[in-house]
Amino acid sequence: MDNQEQKHQRRPRYKGTHPKAFKDKYKELNPEQYSDTVAKVIQKGNTPAGMHRSICVKEILEILQITPGQTGLDATLGYGGHTLEMLKCLKSKGHLFATDVDPIELPRTRERLENLGYGPEILTIRQTNFSNIDQIIPESGPLDFILADLGVSSMQIDNPERGFSFKTEGPLDLRLNPSKGISASDRLKTISQNELCGMLLENSDEPYAEEIARAVTLAIKKGEEITTTSQLQKIIKDTLQFIPERDRNNDIKKSCQRCFQALRIDVNNEFEVLYDFLEKLPAALAEGGRVAILTFHSGEDRLVKKSFQQYYRKGIYKEIAPEAIRPSAQECNSNGRAKCAKLRWAVKS
């Protein structure tokens, strides 16, 4: 019959409390509708799909000492977790600016915060790299507080379409803004063995940089395509089979993590961007203004530490963190992604 009713299609069964495939985690991806499931995932120490759990929130708020009426900047908006807590401190008085380079996640975060009652009257969001902080100041004026969380957000890492993780099949992209620059796969097509080896050493202290760089560049010369996360992972895995069996799986996993990190840092020019931000930072702060920077890589932490010390010696900062602040043991146990975080701060003279 032409008018025959369409047969009802049942929704796929939710496979357990934490399915492996990203697309199957439809309950976690709808936190408003399935809050109980999300709570269970968090309770297990995991991060729900499509979400990001902010790190060192308590410590950051203690450092920034935000009061109603102030003007501040969240230089790395991400999922908006830190932003939300800073907005609460303002109590609808003052203004918060926020920047993020990711065109995919930024609109979602904007909508999420607007639904919580934080619209343009209290929050201004700009899609731009945080190194462009000097372009915000003409509109904001000198800032009383600034936060920069340099970690890649969980919703970026977990989404296989973004290609940030070797754990799932996806395009080898790694760009925070997929519409700009070149992907990691395109970067590998023209890179030399020495250049790749240097990248792996400088960006991630990879102990097997020479062996991996040789294998990757040789595969490309032979005409092999490295366009997916699994293809790069396989080359790394095959290359490191000489590692003693008792250590092999763990060492290969760590090398994959470091290689993907090194490529991500390279294609997004992360060290150069951070250097520009640190250079422009003092001019953006008001007298007595406070800045907190959360890093997840030894190279980033060194840049932040040296910059703060340099401007402290010049008298531009009147106070800086004597040492890096680490997340509490409790936070690391409940959120494994907090373990490598380091927090530093400075106060403008």
Side-chain angles (χ1 to χ4, degrees), residues 20-23 101-104 129 150-153 155-245 247-275 296-300 303 340:
K20 291 184 179 180
F22 186 81
K23 63 182 178 60
V101 73
D102 190 331
I104 297 171
N129 198 293
L150 305 185
V152 178
S153 296
M155 63 275 187
Q156 295 167 325
I157 296 173
D158 294 339
N159 187 347
E161 295 178 4
R162 304 297 300 271
F164 280 96
S165 174
F166 65 92
K167 295 179 180 179
T168 53
E169 172 76 11
L172 187 62
D173 194 305
L174 294 169
R175 287 174 292 176
L176 295 169
N177 184 348
S179 65
K180 291 188 176 181
I182 63 170
S183 67
S185 61
D186 286 337
R187 179 77 170 98
L188 291 177
K189 288 177 182 177
T190 58
I191 200 168
S192 69
Q193 181 179 327
N194 287 339
E195 188 180 5
L196 180 55
C197 181
M199 179 206 298
L200 296 177
L201 286 170
E202 182 178 351
N203 291 359
S204 61
D205 301 318
E206 171 54 50
Y208 304 111
E210 188 173 340
E211 292 87 346
I212 293 171
R214 185 188 305 116
V216 169
T217 52
L218 181 61
I220 292 171
K221 284 180 181 178
K222 289 181 177 179
E224 291 184 34
E225 287 194 347
I226 308 177
T227 58
T228 68
T229 54
S230 59
Q231 287 170 337
L232 178 58
Q233 182 202 27
K234 185 178 185 304
I235 292 176
I236 297 169
K237 184 177 180 180
D238 291 346
T239 302
L240 302 184
Q241 288 302 305
F242 64 84
I243 298 174
E245 187 175 356
D247 301 321
R248 189 180 301 153
N249 288 340
N250 188 53
D251 285 359
I252 288 175
K253 178 183 176 181
K254 289 181 178 178
S255 283
C256 286
Q257 290 172 335
R258 288 189 290 259
C259 289
F260 273 69
Q261 178 189 61
L263 272 171
R264 191 204 75 222
I265 289 171
D266 182 83
V267 299
N268 293 292
N269 300 310
E270 291 182 25
F271 287 155
E272 294 85 351
V273 165
L274 175 58
Y275 181 81
F296 294 82
H297 181 277
S298 58
E300 293 173 340
L303 279 175
C340 56

Are [X] and [Y] packed together at the side-chain level, in the sense that at least one heavy-atom pair is separated by less than 4.5 angstrom?
{"X": "I226", "Y": "I220", "value": "yes"}
{"X": "P178", "Y": "I104", "value": "yes"}
{"X": "Q231", "Y": "L172", "value": "no"}
{"X": "N177", "Y": "V101", "value": "yes"}
{"X": "E270", "Y": "L274", "value": "no"}
{"X": "L174", "Y": "L263", "value": "yes"}
{"X": "Q261", "Y": "F296", "value": "no"}

Atom pair [atom1] ([X]) and [atom2] ([Y]), whose distance is rounded to the nearest 0.5 Å:
{"X": "D173", "Y": "T227", "atom1": "CG", "atom2": "OG1", "value": "11.5 Å"}
{"X": "I252", "Y": "T239", "atom1": "CD1", "atom2": "OG1", "value": "9.0 Å"}
{"X": "E272", "Y": "L303", "atom1": "CD", "atom2": "CG", "value": "9.5 Å"}
{"X": "D247", "Y": "E245", "atom1": "CG", "atom2": "CD", "value": "10.5 Å"}

Q: Could you note down all residue pairs passing ring pair (Phe, Tyr, Trp, His ring centres under 6.0 Å) where residues 181-202 supplies at least one of them, sequence neighbours left out?
A: none
Q: Only pairs at least two apart or in different chains count here, so list each ring pair (Phe, Tyr, Trp, His ring centres under 6.0 Å) that has a residue in residues 176-204.
A: none
Q: Using modelled atom types only, decide if a donor and an acceptor are shared between the side chain of R248 and the backbone of L240 within a distance under 3.5 Å.
A: no
Q | Shortest non-hydrogen contact between Q241 and D238, atoms and distance | A | CG-O, 3.4 Å
Q: Kindly give the heavy-atom pair with the smallest separation between H297 and F271, and that separation in Å.
A: CE1-CZ, 3.5 Å
(Q) For K254, is there an ion pair with D251 - N to carboxylate O distance below 4.0 angstrom? (A) no
Q. For T229 and Q233, does a side-chain donor sit closer than 3.5 Å to a side-chain acceptor?
A. no
Q: State whether a side-chain donor-acceptor pair under 3.5 Å links N194 with S192.
A: no
Q | Greater than 12 external heavy atoms within 6.0 Å of E225's CD | A | no
For residues 196-207, please give each side-chain donor-acceptor pair under 3.5 Å, one per line with the distance, not counting sequence neighbours.
residue: N203; atom: ND2; partner: A262; partner atom: O; Å: 3.1
residue: S204; atom: OG; partner: L200; partner atom: O; Å: 2.9
residue: S204; atom: OG; partner: R258; partner atom: O; Å: 3.1
residue: E206; atom: OE1; partner: S255; partner atom: OG; Å: 3.3
residue: E206; atom: OE1; partner: R258; partner atom: NE; Å: 2.8
residue: E206; atom: OE2; partner: Y208; partner atom: N; Å: 2.9
residue: E206; atom: OE2; partner: S255; partner atom: OG; Å: 2.9

Q: Kindly determine whether R187 and E195 satisfy side chain to side chain contact (heavy atoms under 4.5 Å, CB included), including the steps that lead there.
A: CA-CA 11 Å; R187 179 77 170 98; E195 188 180 5; 2.8 Å; yes
Q) Stepwise, does the salt bridge (Lys or Arg N to Asp or Glu O under 4.0 Å) test hold for E224 with K234? A) CA-CA 12 Å; E224 291 184 34; K234 185 178 185 304; over 6 Å; no
Q: Given side chain to side chain contact (heavy atoms under 4.5 Å, CB included), test L176 with N129 step by step and report yes or no.
A: CA-CA 10 Å; L176 295 169; N129 198 293; over 6 Å; no
